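Here the structure is laid out as structure tokens; the discussion comes afterwards.
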Amino acid sequence: MKINFAGKKALVRVDFNVPLDKQYNITDDTRIREAVPTILEILKEGGSVILMSHLGRPLEKLNADGSINKEKFTLNHLVKHLKKKLKVKVQFADDCVGKSAVKKAAALKPGEVLLLENTRFYPEEEKGDEAFAKKLANLADVYVNDAFGTAHRAHASTTIVAHNFDQNHKCFGMLMEREIENADKVIKNSVKPVTCVTGGAKVSDKLLLLERFLDFADNIIIGGAMAYTFMLAKKGQVGNSLVEQDRVKTAKEFLAKAKAAGVKVFLPKDSVCADKFAADANTLVAPSNLIPDGYMGLDIGPAAAKTFAGVIRKSQTIIWNGPMGVFEMPAFAEGTKTVAKAVASATKKGAYSMVGGGDSVAAVNQLKLTKKVSFVSTGGGAMLEYLEGKELPGIKAIRE
Ligand code: AMP
């Protein structure tokens, strides 16, 4: 981080949107743990930290009388855990901009941490309201954005607030720096051969990403249900597989563009097919373009897995988004497992690998391979948009 925080109050936007159980215990504290290094660094330099975040969607789940369900959505639920992780006292302001926030922020001393109440208690947050953002900005001397997962939203606390600080008084947090650096490594400075692996449910979700891959990939591997729309584009029979009829033409055009660009596209030769979408379905292996009536492809087959793994192992840069099949059910997890292991093995031999966006992260976690790939992005939708080449408002607001 480029700012010297000594004696400064830093307003830090973190992503503390953590899952809570019915008793408001944190069930996965990844996002809190990831924010810790940035907070500790500011404290170490002699600054103080004012944390702000959203939690859930309080304005969409109001109480019957129209009031905010503060009991459910308060960030106070996180204070105890945060204190444990930081090993310093954490104060809490029960409003993010009102009197209590102003008073507590003003009294904050170097080495101290203050957590503000959920920014989404105010409709102004998601509207990106300038006046509301100014009130947040007035609490501190400098602004740090460490919430990469929300950088694609032009909300008050993620983007608009930054307009109140000049270049010497705003910067990215360490988590955000890492996410940007790793994404840039694959899209701007990648060592060839570059292989992009995509999967998951829908072509429509990944189309922009696929188009973008054409700019820098040598190989594009397509698995998951997406592959069956491509099979239709190649006049295959896909039985009851999940397809998007309205994307068949686009899939066909994409294949032509890839050919013209000299990018190799790998579709699964075979598939593990099931007679119903269930863990205990009857299964058979069939060519992906000849899936029998009454069956649906729920995983790439063994021949496809072998081909995909071979391409991955020969790559120097790998970017993976989306599972190869319905990996949540063991009967259809083999393809994703094989691909994950190939990514890990290529990484061990020196390749750079990045796993990002949604379910492939869950797959890598499930297979306990998180430490065997170069970088796992927690950026979800924001990472997808960054890779697609979009300028994320939260990033732009810090850079301009
Ligand atoms: P996405 O969020 O687009 O990455 O999609 C992930 C989801 O796609 C996972 O929940 C998978 O179970 C699902 N998926 C992957 N392959 C298939 C398939 N062949 N048929 C149906 N769903 C699939």
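Keep in mind the model is a prediction, meaning the values are calculated, not measured. All ligand and atom numbering here is 1-based and tracks the order in the structure. Residues: numbered from 1 along the sequence shown.
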Would you mind finding which of M296, E328, M329 brings a heavy atom closest to atom 12 (O) of ligand 1?
-> E328
Is the H77 ring parallel, tilted or perpendicular to the Y24 ring (thresholds 30°, 60°)?
-> parallel
Less than 3.5 Å between some nitrogen or oxygen of A201 and one of ligand 1, yes or no?
-> yes
Counting both backbone and side chain atoms, is some N or O of K206 under 3.5 Å from an N or O of ligand 1?
-> yes
How are the rings of F165 and Y143 set relative to one another: parallel (under 30°), tilted (30 to 60°) or perpendicular (over 60°)?
-> parallel
Subset of ligand 1 atoms that lie under 4.0 Å from at least one heavy atom of G224 = 16 (N), 19 (N)
Taking only non-hydrogen atoms of G297 and a 4.0 Å limit, the atoms of ligand 1 in range are 18 (C), 19 (N), 20 (N)
Could you list the residues that satisfy side-chain hydrogen bond (donor to acceptor under 3.5 Å, both in side chains) with D166, not counting sequence neighbours?
-> H169
Sequence neighbours excluded, the answer for salt bridge (Lys or Arg N to Asp or Glu O under 4.0 Å) partners of E334 is K337
Relative to the heavy atoms of Y228, which atoms of ligand 1 are at a distance of less than 4.0 Å?
-> 19 (N)
Check: Y122 ring centroid to F132 ring centroid under 6.0 Å = yes
